[in-house]
Amino acid sequence: MEHESLVRDLPERRAVTVLPGVGPRQAERLARLGVHTLGDLWFHLPLRYQDRTRVWPLAALRPGQEVLVCGTVLSARVVPGRRRTLVVRLQDASGGVLGLRFFHFGAAQLRQFAEGVVLSAFGEVRPGIQGLEMVHPEYHLGEAQPQAGLTPVYPTTEGLGQARLRRWVGAALELAEEGCLGEWLPPSWCRDAGLPSLRDALFTVHRPPPEALEAILAGEHPAQRRLALEELLAHHLGLRRARQRHRRRRAPRVDSSETALAPLLDRLPFHLTGAQRRVLREVAADLARAEPMLRLVQGDVGSGKTVIAAAAAWWLARSGWQTALMAPTELLAEQHAANLAGWLAPLGVEVVLLNGRQRAAERRQVLEAISEGRAGVAVGTHALFQESVRFARLGLVIVDEQHRFGVHQRLALREKGVVGDRAPHQLVMTATPIPRTLAMTAYGDLDVSSIDELPPGRTPVETVVIPERRRDEVVARVRAACGAGRQAYWVCPLVDESEQLACQAAEETAVRLREELAELRVGLVHGRMKGEEKAAVMTAFKAGEIDLLVATTVIEVGVDVPNATVMIIDNAERLGLAQLHQLRGRVGRGRGRSVCVLLYHGRLSATARARLAVLRESNDGFVIAERDLALRGPGEVLGTRQTGLVGLRVADLERDAVLIPLACEWAERLLQHHPEAVEPLLRRWLSKEERYAEV
Ligand code: ADP
Ligand code: MG
């Protein structure tokens with residue numbers, strides 16, 4: 001291919017050994033950093049910077065700073081002990097004193113540090129026993145020599161010091177003539193966006209000029225933005241390409257007509273909402289094509305996503321294909337299995353449940369039903385993509401509450417249906433809406449359907465925020481509701497990230513509530529109970545044999561008991577908005593008026609107050625997600641686990657979120673007008689694995 005050879009001959013692809021001083025041994029070290037070519041060196045970007053532009057007065061030092069200092073030696077003492085240390089005390093005109101501590105030192109060094117000698121050092125300031133100190137700073141005798149600009153710190157490897165790396169990067173940059181750097185973005189686009197050329201951007205990040213200091217340290221310099229944009233663009237192109245490649249595979253083409261659906265719809269105790277019908281039509285259109293579907297169904301908590309999954313599974317099953325439905329918790333998997341069996345078994349589709357805690361004999365039977373193709377639908381947690389699970393004819397993979405899984409888990413499950421060039425359809429469902437721009441980064445051009453309407457007859461959940469000292473009122477509310485035949489949840493969230501403590505808290509709360517509400521039947525469910533125990537409690541709760549269910553956040557997703565109308569969330573201030581919204585979604589599912597009590601302990605910080613207020617004011621998952629995004633930033637809302645955007649080198653999803661729409665737009669324009677730029681950009685920014693990654 002012509003452009004292949006073009007790419008190979010670019011100066012960017014010349015070996016590092018063309019640089020003076022880089023022999024085979026050095027090249028080998030560089031290779032450990034993934035640096036083989038001049039281009040790799042140009043794009044070996046600083047991890048961070050050191051500010052050696054000024055000499056700090058010792059009296060002004062604060063712990064944690066990394067600074068350049070200069071002073072005269074007051075004393076140099078060897079402190080005996082388990083580890084002999086050399087402590088040199090410096091003083092300067094500001095009157096401040098700083099200790100320099102060395103654990104390894106020679107006699108010659110000791111002699112150097114004679115009293116009155118002028119010494120400069122660079123290092124991190126730490127609190128020591130006798131005031132501030134630096135441990136093993138870089139130092140030299142004589143006055144300090146401040147640098148004109150920031151000093152880059154590069155990722156490095158053993159046996160390769162910063163100084164040498166800096167020299168080599170510098171030498172490589174000298175060879176980076178205008179025009180020999182692969183500038184793949186049209187200059188006019190960059191100019192219009194206020195961004196520098198690639199050459200200028202690289203020079204700036206490797207050798208930041210003094211006037212760029214603040215912007216560079218904040219990560220907001222146009223040079224950094226230019227590189228971040230190019231990187232995001234490359235990742236987006238990579239995702240799109242993987243997606244296109246995947247599209248070329250064949251997927252089961254099934255009869256997804258309305259007529260085919262009728263037997264299932266006839267069995268439902270309700271009519272589909274308009275939004276559900278629209279989403280089903282979108283899914284149906286995908287299934288009628290021979291290319292694999294990759295569709296995200298977003299719908300707020302309680303919007304009725306399960307029935308979409310059931311319909312898709314039914315269409316596949318009618319045509320002899322199996323469906324795997326993966327849920328994030330065993331509770332939810334059990335509930336899905338029960339629901340789907342209720343709808344599909346009468347139509348002749350066997351639904352099996354696979355969970356991590358089944359006995360060997362039972363498990364073998366389930367595995368057999370799956371591998372022999374008898375089971376039309378297999379429901380489970382991540383137990384589903386274990387080695388031992390083999391499907392006879394897997395045609396559809398459904399991932400519920402997709403935000404709880406990583407990209408790799410979804411792909412692992414999908415692999416079970418890949419046979420030759422055949423791949424299963426994929427439907428991913430989430431109640432945690434992802435803003436459109438982030439969805440594009442996360443999935444390339446994934447198709448998105450939204451169930452933007454709740455089933456009729458739902459009354460919005462009233463949400464109140466109450467301090468712990470008014471707990472009695474809350475208990476009274478539970479008593480009143482349960483006395484009137486309703487049911488309630490009392491959730492004890494994780495304390496300090498520890499599941500064990502959460503379970504303990506739930507146990508203690510249950511004991512206390514059993515005393516306070518002696519007339520009620522109080523149940524308990526938490527993550528440390530056995531699968532059957534949990535299932536038994538949930539079944540009892542569903543059947544109305546338990547009035548008040550004390551639980552950890554295991555009930556966060558999916559659990560559906562329409563008669564439950566009260567949700568108490570203890571320690572609500574510890575949870576994120578999305579999680580609180582999910583928990584609140586466990587009530588308000590029936591016709592009764594529901595209430596959600598956010599019980600907080602201690603005093604609320606201003607942010608915590610603002611967050612809980614968002615929940616009180618809105619019942620709309622989309623609004624809440626947007627507010628969450630504003631309060632926390634996309635990095636947290638959308639972890640890299642979900643985006644699959646691992647290994648970003650310059651871009652930061654949080655800081656550079658504003659660049660994402662532009663990156664997507666440019667990707668589109670490049671594909672149309674400069675398709676020759678795609679391959680080189682992918683090579684430049686994506687590792688080998690990422691380049692061949694799948695979606
Ligand atoms: P989610 O989108 O949160 O997964 P579910 O699928 O669990 O929601 O549905 C929530 C509840 O609403 C279930 O009890 C379900 O049976 C019921 N439901 C779903 N669709 C409708 C509808 N169109 N009309 C009435 N109830 C519905
Ligand atoms: Mg659900």
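Every number for a ligand or one of its atoms is a count from 1 in the order of the listing. The chain is numbered in sequence order, starting from 1.
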Does only the side chain of N339 get under 4.0 Å from ligand 1, or the backbone, or both, or neither? Count heavy atoms. neither
Checking heavy-atom distances from atom 25 (C) of ligand 1 to each of P455, A310, G621, the winner is P455
I'd like to check which ligand 1 atoms, numbered from 1 as shown, lie under 4.0 Å from a non-hydrogen atom of G304. 1 (P), 2 (O), 5 (P), 6 (O), 8 (O), 9 (O), 19 (C)
Note: ligand 1 atoms sitting under 4.0 Å from heavy atoms of V301 are 3 (O)
Donor-acceptor contact below 3.5 Å, side chain Q358 vs main chain R363: no
Answer with yes or no whether I451 contacts ligand 1, where contact means a heavy atom under 4.0 Å from a ligand atom. no
Which pair of heavy atoms, one from V550 and one from C492, lies closest together, and at what distance? CG1-SG, 4.3 Å
Side-chain donor or acceptor of S618 paired with backbone N/O of D620 under 3.5 Å: yes
Apply side chain to side chain contact (heavy atoms under 4.5 Å, CB included) to T539 and list each qualifying residue two or more places apart in sequence or on a separate chain. none
Applying the salt bridge (charged side-chain N to carboxylate O under 4.0 Å, His left out) criterion to D560, which one of K542, R586, R589, K305 satisfies it? R589
Should R458 be listed as contacting ligand 1, given a heavy-atom distance under 4.0 Å as the test? yes
Mind checking whether D560 contacts ligand 1 via backbone (N, CA, C, O), side chain (CB onward), both or neither, at a 4.0 Å heavy-atom cut-off? side chain
Under a 4.0 angstrom heavy-atom cut-off, which atoms of ligand 1 come close to T306? 4 (O), 5 (P), 6 (O), 7 (O)
Can any side-chain N or O of S256 pair as donor or acceptor with the backbone N or O of A284 at less than 3.5 Å? yes
Whether E617 side chain and V614 backbone form a donor-acceptor pair below 3.5 Å: no
Note: heavy atom closest to atom 3 (O) of ligand 1, options A275, G302, P269, belongs to G302
Between E291 and R249, is there a salt bridge with N-O shorter than 4.0 Å? no
Is the backbone of I546 close enough, under 3.5 Å, to the side chain of Q487 for a donor and an acceptor to pair up by distance? yes
When you measure from the centre of the six-membered ring of W321, is the NZ or CZ of R393 closer than 6.0 Å and no more than 45° off the axis? yes
Taking the non-hydrogen atoms of G299, is any one of them nearer than 4.0 angstrom to ligand 1? no
Atoms of ligand 1, numbered as shown, that sit under 4.0 Å from any heavy atom of H271: 22 (C), 23 (N), 24 (N)
Looking only at heavy atoms, is any part of M429 under 4.0 Å from ligand 1, and if so is it the side chain, the backbone, or both, or is it neither? neither
Per-atom filter on ligand 1: closer than 4.0 angstrom to a heavy atom of D300 are 2 (O)
Whether A431 lies under 4.0 Å from ligand 1, heavy atom: no
With heavy atoms of L272 as the reference, note each atom of ligand 1 found under 4.0 Å away. 23 (N)
Go through ligand 1 atom by atom and flag the ones less than 4.0 Å from a non-hydrogen atom of T273. 23 (N)
